[in-house]
Amino acid sequence: MIEAWPGGLKLSTDKNLKRIIIEPVTRVEGHGKVSILLDEKNKVKQARLHIVEFRGFERFIQGRPYWEVPVLVQRLCGICPVSHHLAAAKAMDVIVGADKLTPTAEKMRRLMHYGQMFQSHALHFFHLCSPDILFGFESDPAIRNIIGVARKYPALAVQGVMMRKYGQEIIKVTAGKKIHGTGAIPGGINKNLSVAERDTLMKDVKQMMDWSLGALKIAKDYTVENLKTLAPFGSFDSNHLSLIRKDGAMDLYHGNLRAIDAQGDKIFDHVDYQKYYEYIAEEVRSWSYMKFPFIKQLGPENGWYRVGPLARLNTADFIDTPEAEKARKEFMAVTNNKPNNLTMAYHWARMIELVHSMEKIKELLHDKDLQGRDLVTKGKRRDEGVGLIEAPRGTLFHHYKVNKNDQIEMANLIVSTTNNNEPMNRAVQKVAEDKLSGHKITEGLLNNIEVAIRAYDPCLSCATHAMGRMPLVVELFDARGIILDKKEKR
Amino acid sequence: MAKPKIATTSLAGCFGCHMSILDIDDRILKLIELVDFDKSPIDDIKEFSGRCAVGIIEGGCCNEENVHVLQEFRKHCDILIACGDCATMGGIPAMRNNIPLKECIDEAYRNSPTVYNPKNITPNDKELPLLLNRVYPCHEIVKIDYFMPGCPPSADTIWQTLIALLNNKPLELPYELIKYD
Ligand code: SF4
């Protein structure tokens with residue numbers, strides 16, 4: 001017999017915790033869920049993306065030794081475990097007083113991170129989004145998937161598979177394992193890159209670079225050619241947030257926080273992220289397990305922002321690798337060097353970062369420091385540390401307090417996808433308003449909503465678990481809250 | 001003869017096991033010659049389209065919806081494989097089993113240093129499935145035919161298991177594949 005807590009409903013009253021028995025439930029499956037509310041005139045009044053999963057990491061890692069955390073918390077998400085691994089390791093660097101890592105440690109971690117960025121962006125573009133682009137948003141769902149792509153465009157599918165593999169191989173030689181590795185430790189790294197490992201990776205550099213540029217071209221041409229229809233699709237003005245290097249360059253591994261508004265004016269700049277909690281807060285809403293972050297000085301109404309490839313392109317002054325910088329200039333020219341607020345421009349921005357990551361990988365493979373032997377440092381022990389990183393899907397926050405027995409006392413995690421919670425909800429609302437006519441829902445409408453969500457490449461695994469093709473349920477209510485229509489997509 | 005069907009799902013897991021399935025890399029092209037993918041997060045198939053030969057389960061059960069999905073898989077699949085430590089033992093999510101659920105909820109929605117919660121609420125919408133009192137491994141809910149340990153099991157393990165099953169041959173894994181972290 002399985003017992004259930006009656007969710008937050010009863011929990012919110014604290015007392016009277018009641019247990020109920022679940023019979024086989026006939027409720028629909030679905031990790032992400034969209035609900036739409038109509039008024040009397042069948043106009044969309046409200047559309048929401050609900051995140052339905054809750055884990056409790058912040059609480060159950062309390063009491064664990066701090067050095068375990070970088071290996072433990074990556075089990076939040078197997079799609080980009082390296083991001084959690086590194087964000088936690090960076091926080092632990094602060095705890096052990098390693099204020100400057102050895103060159104070998106810093107560069108090994110960077111290589112691991114660019115490998116992660118490369119595999120994740122390739123996965124997202126080829127495996128998850130290319131079917132929408134190649135076959136159309138409202139095409140036959142039976143072929144609208146990576147297997148359909150493999151049948152119709154085998155060469156392209158092979159590219160996607162091999163690019164993802166390359167990124168995974170980089171992760172394997174830097175972290176020890178393709179998924180949930182152990183490479184980064186508090187204060188450094190536990191291995192260097194052998195000459196043999198380096199030479200194997202070097203062999204494919206040219207091929208990977210060519211394919212990355214090819215993918216960038218697909219994304220760019222697609223966006224530019226369809227700009228008229230894509231521009232309004234799920235779009236709206238917003239603030240943007242990311243880490244930024246001291247000189248204003250894009251830096252995916254380390255930097256200070258910068259936030260800009262929709263016009264590009266700075267809200268704050270070069271903020272030391274150890275004090276992130278003075279700038280960012282997260283609102284709790286009853287209908288989603290995922291919180292809604294916002295910039296404190298602007299308040300919950302106006303302070304929400306976007307993160308991820310689009311936000312990074314918008315906040316950066318320049319990119320320090322030639323091909324990606326060339327692409328960035330073309331990208332910014334479309335909006336006259338003002339921030340680009342198009343939801344569908346995420347794909348193009350993502351492919352610019354794919355190229356940038358490959359350029360960085362190439363640069364690092366030629367760096368002799370990767371064969372260095374000085375792997376770990378430490379300094380004065382602290383009891384609190386914050387680690388931030390630009391994960392593939394955006395800024396990722398890890399914050400820990402450690403007691404004198406080396407046990408975790410407090411953990412606060414703001415994952416990338418959580419930062420995009422409000423924007424994803426706005427995109428859902430916008431597409432629902434624009435595309436919903438009457439109350440007959442078609443499969444095509446559903447996929448339009450998914451396409452908008454998918455642009456953000458949400459890793460709902462961090463709060464729920466779903467890949468880009470997430471199961472969705474759309475329910476349509478009338479003004480009195482009575483269900484008019486319901487479509488499931490699993 | 002029609003190809004056998006495979007279905008996969010992710011319950012209370014991290015998707016790492018699914019990523020490990022994708023880590024079979026170009027062998028995936030061979031796999032789609034041998035089998036058809038049915039209900040799975042990697043495609044857009046909504047419902048089970050028929051009987052499946054193999055169901056691969058990632059993750060244990062942490063809410064009522066997980067239980068429902070797992071039971072559906074049992075109903076539609078000849079062979080169920082619990083893939084990875086979460087499915088076989090509950091894994092990392094089961095670390096919450098020793099802690100009252102309310103404490104976990106309070107930590108996330110009341111005590112966190114960045115939380116903004118003037119109305120002092122916790123998520124409680126009817127859209128959210130009920131959480132279970134603890135995280136259950138799959139075999140406590142339905143009968144599981146095979147257990148595949150690892151976090152995640154390696155791509156080679158997954159590949160060799162599937163091939164052995166499809167050919168009805170016994171599975172012999174070399175030492176390297178059954179040695180863990
Ligand atoms: S077993 Fe490991 S890789 Fe698989 S879902 Fe669980 S945590 Fe993720």
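Residue numbers begin at 1 in each chain, while the letters A, B, ... track the order of the sequences. All figures in this text were calculated on a predicted structure; none of them were measured in a lab.
Of the atoms belonging to A:F397, not a single heavy atom falls under 4.5 Å from chain B. In this structure, chain A has heavy atoms under 4.5 Å from both the backbone and the side chain of B:I92. Of the atoms belonging to A:K177, it is side-chain heavy atoms, and not backbone ones, that fall under 4.5 Å from chain B. Contacts between B:L29 and chain A at a heavy-atom distance below 4.5 Å involve the side chain alone, from C-beta outward. Proximity to chain B involves both the backbone and the side chain of A:I179, based on heavy atoms less than 4.5 angstrom apart. For a residue to count as touching a neighbouring chain, one of its non-hydrogen atoms must lie under 4.5 Å from one of that chain's; by this rule A:I414 touches chain B with the side chain only. Neither the backbone nor the side chain of A:P154 comes within contact range of chain B; no heavy atom of the residue lies under 4.5 Å from a heavy atom of that chain. Residue A:F294 touches chain B through its side chain alone, counting heavy-atom pairs closer than 4.5 Å.
Rounded to the nearest 0.5 angstrom, B:I158 CD1 and B:L31 CG are separated by 11.0 Å.
A:K178 and B:S20 share no side-chain donor-acceptor pair at under 3.5 Å.
Both tests hold for A:K291 against B:Y109: distance to the six-membered ring centre under 6.0 Å, angle to the ring axis within 45°.
Under the 4.5 Å side-chain criterion, counting only non-hydrogen atoms from C-beta, B:T9 is not in contact with B:S40. Residues A:F126 and A:V161 fail the side-chain proximity criterion, which asks for heavy atoms closer than 4.5 Å. Counting only heavy atoms from C-beta outward, the side chains of A:V415 and A:M290 never approach each other to under 4.5 Å. Put simply, the side chain of B:R74 reaches to within 4.5 Å of the side chain of B:K143, judged on heavy atoms.
Taking B:S112, B:A155, B:C61 one by one and counting their heavy-atom pairs under 4.5 Å with chain A, the maximum is reached by B:S112. Of the listed residues (A:R164, A:M162, A:K165), the greatest number of heavy-atom pairs within a distance under 4.5 Å of chain B belongs to A:R164. Ranked by non-hydrogen atom pairs under 4.5 Å with chain B, the options A:R75, A:E58, A:Q62 are led by A:R75. Ranked by non-hydrogen atom pairs under 4.5 Å with chain A, the options B:P93, B:P113, B:G59, B:P118 are led by B:P113.
A:W287 has its ring centre less than 6.0 Å from the ring centre of A:F292.
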